[in-house]
> 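A single structure is presented below for examination.
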Amino acid sequence: MIDAAQIILNLVPALGFQSLADLEASDWLQDVELYQWADEASQRLAHQAGVFAEWDNSATAVSLTSVYPAPVNFVNLVALYYAGAKLRETNVAELAALDANWPATGGTPIRASIDAGNLGTFTLYPMPTSSGAVILALFDKYLPTISAAASALPISSPAQDYFAYHMLAEARGKESEASMPDMAQHFRKRVQMFEEIFAKYYGGGQ
Amino acid sequence: MASWGGTGWNQSRWGQAGSGPPPGLPLGALQNRVSQRLDEGLIGATYYTLAEITARINEGYRFFVLLTLGLETTAVVPLAAATTFYHMLSAYPDWILPLRVYSSAGAKIRPATLAELDSLDSGWTNSPGAPLRYIARGFDLFGIYPQPAAPGTNVIVTYAQAPADLVNAGDVPLIPPEYQLSLVDYAIYALRQKEGGQEFLKTLPYFDRFLSDAQEYGEYVRTRNLGNRYEATPFELSLFDRSRLGIDRAKTPARRTA
């Protein structure tokens, strides 16, 4: 675990301040903004590189219920398993072509669709006719909001500099007397370089 | 967690592992060189504080290791009964990615994609047995197939390791001695970012030289990893266009000697 508070503390000299108190007293920048940018960095990273992979097996089938909420904070559903068996990802047009009466068809689910129901849900086809089977979801997620009160990041130490450069890019790109557009541009390129490294090591995101 | 097989960079080119402290420049010497080259004199610098210099040396150290995967360790990982997935960072905070996985009996456990496991066994997430395949996704998700039915099974995992920060003046970075000066280059580049403009542009050749060192060592690690039948190789810096970072390679000086 890396603490975003420590990343911010390390950034203080790079932003031209002598201490965090010095930064907080400035008209230019507040540490709450740095936490917001760290949060934006984590969301960008989740989408760009899919590095926060997660599994969830807390959902169980309910008889005659086909629509289930997607896992919390999910970005991209990678795979779904019903009682250990893989569900084929199927879009709603394919379901309609497969079975004109698909919303009401019951049986053991063999397919799953993320666009058949509301946003943030997935739909099983056929609709389960018994309860209790475990539904395992493998997915890419984004982290809960990063703030001073919740600053722990589940990353290894080299990834902390991705967050640092994202914060630097936003701070130097912000309209102010301390703005450095050329440096902001360089820092954004460093962020992109990290994303390319992560894509090579961990696969791409959405 | 017990270590198995030692930790560190490959020392076969430089001597036997575990025969004493790692060779090269300790943190104190690196700090001095950074300070001198910024015209601040020895430690006691004023414009760039010692803490700031140390932080930037450590940043370069982390980045060098991330680019080269040049640091690795091997751990005995106990598997829980009937458990498919693990978050490795919870138990191994220095985890970057897996390089090679063996059973405790010495049999290779091969990497697989989700699609391969789905094709191999439609119920692979819930199949008891001795591990034969593993998957890795994201920063630290690690999955095993099949899953041991009872506790007591271990797998031997060699993984690319993140470096611990250099803290004390005597701490030596765990990268080969001939590349340790690249941390000085990186620190100079990083420290002068706050000045911006022309002053910063003057440091880009240092960053370029750092990247060249990382590329050279990364190529060595890539060859070695392929020879060792590891499943991951370093980022291919030779294919990365450095001009995107504003680097003009014609202006990069040759490496200074230590």
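To find a chain, count down the sequence lines: A is the first, B the second, and so on, and within it residues start at 1.
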> Taking the side chain as C-beta and beyond, is there a heavy-atom pair between Phe207(B) and Phe200(B) under 4.5 Å?
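The answer is no, as the side chains (C-beta and beyond) never meet within the 4.5 Å cut-off.
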> Counting heavy-atom pairs closer than 4.5 Å to chain A, which one of Leu89(B), Asn58(B), Asn126(B) comes out on top?
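The residue among Leu89(B), Asn58(B), Asn126(B) with the greatest pair count is Leu89(B).
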> Heavy-atom cut-off 4.5 Å, strictly under: side chain, backbone, both or neither for Leu237(B) against chain A?
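Only the side chain of Leu237(B) comes within 4.5 Å of chain A.
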> Just so I understand: if I count every heavy-atom pair under 4.5 Å between each of Thr233(B), Leu191(B), Leu201(B), Asp165(B) and chain A, which residue has the most?
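Max contact count across the listed options: Thr233(B).
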> Select one option (side chain, backbone, both, neither) describing which atoms of Phe85(B) are under 4.5 Å from chain A's heavy atoms.
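Looking at Phe85(B), backbone and side chain both touch chain A.
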> Looking only at heavy atoms and a cut-off of under 4.5 Å, which of Asp182(A), Asn10(A), Ile155(A), Ile197(A) has the most pairs with chain B?
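Winner by heavy-atom pair count: Ile197(A).
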> Quick one: which of Gly196(B), Ala55(B), Gly143(B) has the most heavy-atom pairs under 4.5 Å with chain A, could you say?
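Maximum pair count with chain A is reached by Gly196(B).
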> Verify the ring-centre separation between Phe210(B) and Tyr186(B): is it less than 6.0 angstrom?
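Judged by ring-centre distance (under 6.0 Å), Tyr186(B) and Phe210(B) do meet the cut-off.
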> Where do Tyr92(B) and Gln161(B) land on the side chain to side chain donor-acceptor pair (under 3.5 Å) test, with the steps shown first?
CA-CA 9 Å; Tyr92(B) 308 96; Gln161(B) 183 188 28; over 6 Å; no
> Is chain A contacted by the side chain of Thr84(B), its backbone, both, or neither, given a heavy-atom distance below 4.5 Å?
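Contact with chain A involves no heavy atom of Thr84(B) at all.
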> Checking Arg192(B) against chain A: side chain, backbone, both or neither under 4.5 Å from a heavy atom?
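For Arg192(B), there is no contact with chain A at all, as no heavy atom is under 4.5 Å.
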> Check each atom of Phe64(B) against the heavy atoms of chain A and say whether the ones under 4.5 Å are side chain, backbone, both or neither.
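Answer is neither: Phe64(B) stays 4.5 Å or more from chain A.
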> Please classify the contact of Phe240(B) with chain A as side chain, backbone, both or neither, using a heavy-atom distance under 4.5 Å.
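The answer is the side chain of Phe240(B).
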> Pick from Leu174(B), Asp94(B), Leu71(B): which one makes a side chain to side chain contact (heavy atoms under 4.5 Å, CB included) with Val65(B)?
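For Val65(B), the side chain to side chain contact (heavy atoms under 4.5 Å, CB included) test succeeds with only one of Leu174(B), Asp94(B), Leu71(B), which is Leu71(B).
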> Between Asp161(A) and Phe63(B), is any pair of side-chain heavy atoms under 4.5 Å apart?
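When only atoms from C-beta onward are counted, Phe63(B) and Asp161(A) do not touch, as no gap falls below 4.5 Å.
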> I want to check something: taking the side chain as every heavy atom from C-beta on, are Trp55(A) and Arg137(B) in contact at a cut-off of under 4.5 Å?
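A side-chain contact under 4.5 Å is absent here.
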> Specify which of Arg190(A), Met183(A), Arg188(A) makes the most heavy-atom pairs with chain B at under 4.5 Å.
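That would be Arg190(A).
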> Before giving the answer on side chain to side chain donor-acceptor pair (under 3.5 Å), spell out for Thr74(B) and Thr158(B) the whole-Å C-alpha distance, their side-chain angles and the decisive distance to 0.1 Å.
CA-CA 4 Å; Thr74(B) 300; Thr158(B) 299; 2.9 Å; yes
> Please rank Gln160(A), Gln192(A), Lys189(A), Gln18(A) by heavy-atom pairs under 4.5 Å with chain B and give me the top one.
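Between Gln160(A), Gln192(A), Lys189(A), Gln18(A), the count favours Gln160(A).
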> Quick check: do Ser35(B) and Tyr48(B) have side-chain heavy atoms less than 4.5 Å from each other?
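With C-beta onward as the side chain, the pair stays apart.
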> Out of Leu138(A), Val12(A), Leu15(A), Leu136(A), return the one with the most heavy atom pairs under 4.5 angstrom to chain B.
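The option with the most such pairs is Leu138(A).
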> Against chain A, work out which of Glu195(B), Glu236(B), His87(B) has the most heavy-atom pairs shorter than 4.5 Å and name it.
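Option with the greatest count: His87(B).
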> Determine, stepwise, if the pair Glu116(B) / Tyr145(B) fulfils side chain to side chain donor-acceptor pair (under 3.5 Å).
CA-CA 11 Å; Glu116(B) 286 166 347; Tyr145(B) 163 79; over 6 Å; no
> What residue, out of Met1(A), Lys86(A), Gln185(A), has the most heavy-atom pairs lying under 4.5 Å from chain B?
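If we count pairs closer than 4.5 Å to chain B, Lys86(A) comes out on top.
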> Given heavy-atom pairs under 4.5 angstrom as the criterion, report whether the side chain, backbone, both or neither of Leu204(B) touches chain A.
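The side chain, not the backbone.
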> Side chain to side chain donor-acceptor pair (under 3.5 Å), that's the test. Do Asp3(A) and Ser151(A) meet it? Break it down for me.
CA-CA 5 Å; Asp3(A) 193 343; Ser151(A) 57; 2.6 Å; yes
